[in-house]
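Worth knowing before you read on, the calculation uses all heavy atoms, side chains too, and leaves out hydrogens, waters and symmetry mates. Letters go in sequence order (proteins before strands), and every chain restarts at 1.
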Amino acid sequence: MITNEERSLNFIEEIIEEDLKEGKYEKIVTRFPPEPNGYLHIGHASSICLNFGLTQKYNGYTNLRFDDTNPTTEETEYVESIKDDIRWLGFTWKEELYTSDYFETLYGYAVKLIEKGLAYVDDISAEEMAELKGTPTEPGKDSPFRNRSVEENIDLFSRMRDGEFEDGRRTLRAKIDMAHINMLMRDPILYRIKHAHHHRTGNKWCIYPMYDFAHGQSDSIENITHSICTLEFVPHRELYDWLIEKLEIYPSKQYEFARRNVDFTVTSKRKLLQLVTEGFVEGWDDPRMPTISGLRRRGFTPASIRNFCDRIGIAKRDNLVEYSLLEFFIREDLNKSAWRRMAVLDPVKLVITNYPGGQDEMLEGENNPEVEGGEGSRQIPFSRELWVEREDFMENPPKKFFRLGPGLSVRLKHAYIVKCEDFVKDEAGNVTEIHCTYIPESKSGHDTSGIHVKGTIHWVSVPHAKTAEVRLYDRLFKVEDPGNEERDFKEYINTESLQVIPNAFIEADLANAEHGKGYQFIRKGYFTIDKDSTSGMLVFNRTVTLKDAWAKEIKKG
RNA sequence: UGCCCGAUAGUAUAAAGGUAGUACAUCUGAUUUUGGUUCAGAUUGUCUAGGUUCGAAUCCUGGUCGGGCAACCA
C-alpha cells in the first residue's frame, strides 16, 4: 500500500530480519497475551496488529494466550469478548492457550528452583516485606526466613499448595539479591496464596504464580521466539532472563515498545472499567469508548483500524496520536464502500409552490459514486413537500453561502433546481416553512435548463419519509490527555458527547439498511445501524462526520 | 538525587556517517449535482553545549526535558 515505505522497518522487524539472517530461528513465533479482566481497546489493536502482522510477514504463527494468573479479577465474559475482537480485526491465532494450562508445569519449575537453592518460602507479612525491600536508592535487607533448608522449603511449598495456610500467610520468593540495583531482582515473589475460584481451574489451586513467574515461562513452553510487550516491562527483562537461565528452559526473548495512546480518551483498563461501572457510558461497547467493541458499534471497520495501526507504527518514545488520524482512515474506507442515502437530522419544511399537490415522482440515485456504475441505484420518492436541513436556509445569508435564502437557488440532490421565493416564521421568529419554485427542465440527468447553481442540498419527501433515531457522538473528554491531568480524569468528561435525535427523517430506502454496513448520509457523515434498533424504530450511530470546509470557513469568521 | 528507557514539523513515524522524507493536520488553488471525493501546490522539524569527521539526526562526552522502577496486579 505504501510503496515508499516498504523498505522502512520498525526496530522489531530489524531485529527479526537480523535473527533470520543469522539463522537463529526457522520460524518466528509470537503471542498476544491479554489478561481476561477487561475489554480490548485501540491500544491492544496496535499490539495485535504488531504480533500477528510480524508472523504473517515473516512466516510464522501467533498464539493467543490468556494470562490468567489472578483469579480475583478475571472472568470468562472477557475471554469471549477478546476472542471476538481479534477475529473481527481479521486475525487468526494458531492456538488458544491459557497460562492456567501450565499451572502444574509452573509448580514443577518452582520446585526445581527450590532444589537449586534459588527460591525459598517466606513467612513475613506484606508490610514487613515492603519494609525490607529498601528503596531505589537504598539496598534491601534479607528476610529472616531466607536461609531455610531445601527440605523445609519443599515441605512448606507443598503445604502451601495443599491449602494449609490462609491467604497472605506465606509466599515463595526467588533468592537473588536484596541489594540489587533493580528492585525487581530483590527476591521477587513467585507464588502467593489465594483461596479464590479461578475461571478455568475452579478450586483446584490455592496458590497462583505471579506475572514474573508465569509470563516468561509460558513464552518458553510455547517456544515463543519474540515476546513483545510494552515499555513498563523493561525492568522485568532482567528477571525474565534470569528465570529462564536458572530453569534451563527455551530462551524466549523479550522486546519492548511504547504503548500507543490516542488523544481525548483514556486506555487504562482501570479507568475504562470505572467509566462502565460508574455509568458514564452505557457499557464496554458504548460507541464513545475506545474499545474495539465500542469502535465496532460506532461503525469503524476492521480495515480502518488495521491501517491506523500500521500508520502510527511502533517505536520506543512516548506518544499521543491524534484522533483525526483514526477519522481519516475510517473516512477513507467508508468513502469507497458506503452507499449514499439522504437523511434530514434537523428538519424544516420546504414547499414547492409550482409542483402539483398529490403528485409523486420517483427519481433515481446511484448507490456509490466512487465506483464505476455506482453499484446500482435506488428509487427516491419526490413530492411537493420536502424536509430539508434547517441549517441549509438563512434569512440573511453571507456572501459565500451556497444554499437557500431569499432569492437563492440550489440543486436538490438527484432532483431539480429550486429557487427560494418566500418563507414563513412563527411568533418566536423560527422559520417554519420555505417556499420555492422549481424548474421542471432541470431534472437530474435530463437538465436542459442551462442554469448552474453552486450548491446542492439533500432532502426527504414529507409524505414518504420514515423516521429513525440518530445518535451523534463527540469526544468523551474535553482535554487532550485526561489520564495525565491534575484532577481525576472523570472531571474532564465531555457531558455533551452524546446527542440523540429521536425523530430524524430518512429516505424510504433506508428501511432496507443492513446491520454492520456503513452508510453515508449525504453531506452529514457516515452512519451505521445500532444494535438498539427495533422493528418499529431504526437507530443509527454516526461513525464520523464528513470533512466540512464550510464549518471551517464560518469558524474563521 | 540511584538505576533504566526515550527525545526528528502541530501529531505520528522514516532516514543504518553523505539531498532531512512520508502520512495526518493546517493553508492556497482547480474540479465537483455531497462545501464530500479527487487533483495540484504551500507552510512547518533534528532538545542543548561541546567533541570526532571532508561530512553528524545518526558516533562520543556533559547538560536539559519527558517517562518508568520501591503491588502477595499484569
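- A cation-pi geometry, defined here as NZ or CZ lying under 6.0 Å from the six-membered ring centre and within 45° of its normal, does not hold between Arg403(A) and Phe393(A).
- If you measure from atom CD of Glu238(A) to atom P of C4(B), you get 10 Å, rounded to the nearest angstrom.
- Between Phe300(A) and Phe308(A), a ring centre-to-centre spacing not shorter than 6.0 Å is recorded.
- Between the CD1 atom of Ile314(A) and the P atom of A12(B) there is a distance of 15 Å, given to the nearest Å.
- For the strand RNA chain B, secondary-structure stems (runs of at least three Watson-Crick or G-U pairs, all distances below 3.5 Å) span B:2-7 with B:64-69, B:10-13 with B:21-24, B:26-30 with B:38-42, B:47-51 with B:59-63.
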Original post:
Once each nucleotide of nucleotides 30-37 of chain B is scored for protein heavy atoms under 4.0 Å, what B/S/- sequence comes out, 5' to 3'?
Top reply: ---BBBBS

Between protein and nucleotides 16-19 of chain B, what N or O pairs are separated by less than 3.5 Å?
none

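- We find that CZ of Phe257(A) is positioned 15 Å from C1' of U13(B), with the value rounded to whole Å.
- Checking C24(B), U26(B), G2(B) against the side-chain heavy atoms of Thr137(A) singles out G2(B) as nearest.
- A distance of 6.0 Å or more separates the ring centres of Phe233(A) and Tyr240(A).
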Are there any protein N/O atoms within less than 3.5 Å of an N/O atom in nucleotides 6-8 of chain B, and if so, which ones and at what distance?
none

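- Trp550(A) has its ring centre no less than 6.0 Å from the ring centre of Phe402(A).
- What separates CD of Glu138(A) from C1' of C3(B) is a distance of 14 Å, to the nearest Å.
- Rounded to an integer number of Å, the gap from CG of Asn307(A) to P of C24(B) is 12 Å.
- In this structure Lys316(A) satisfies the side chain to side chain contact (heavy atoms under 4.5 Å, CB included) test together with Phe11(A), Leu231(A), Glu256(A), sequence neighbours excluded.
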Original post:
For nucleotides 69-74 of chain B, read 5' to 3', which letter fits each nucleotide if B means a protein heavy atom sits under 4.0 Å from the base, S means only the sugar-phosphate is that close, and - means neither?
Top reply: SB-BSB

**OP:** List the steps and the verdict of salt bridge (Lys or Arg N to Asp or Glu O under 4.0 Å) for Glu166(A) and Arg169(A).
**Re:** CA-CA 6 Å; Glu166(A) 60 202 33; Arg169(A) 183 68 187 80; 5.9 Å; no

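- Residue Lys555(A) contributes atom NZ, which lies 13 Å from atom C1' of A25(B) at whole-angstrom precision.
- A cation-pi arrangement, defined by a distance under 6.0 Å to the six-membered ring centre and an angle within 45 degrees of its axis, is present between Lys271(A) and Phe489(A).
- G18(B) and U61(B) are spaced 24 Å apart, taking the C1' atom of each and rounding to whole Å.
- Here the separation of U13(B) from A7(B), taken at their C1' atoms, is 14 Å to the nearest Å.
- Remark: the separation of the P atoms in U26(B) and G63(B) is 42 Å, to the nearest Å.
- Projected onto RNA chain B by closest heavy-atom contact, Ser324(A) and Gly313(A) fall at different nucleotides, the more 5' of which corresponds to Gly313(A).
- Between Tyr98(A) and His199(A), the ring planes are tilted. Angles from 30° to 60° get that label.
- Here C24(B) presents its P atom at 16 Å from CD1 of Ile330(A), a figure rounded to the nearest Å.
- For Glu332(A) and A23(B), the CD to C1' distance is 10 Å, given to the nearest whole Å.
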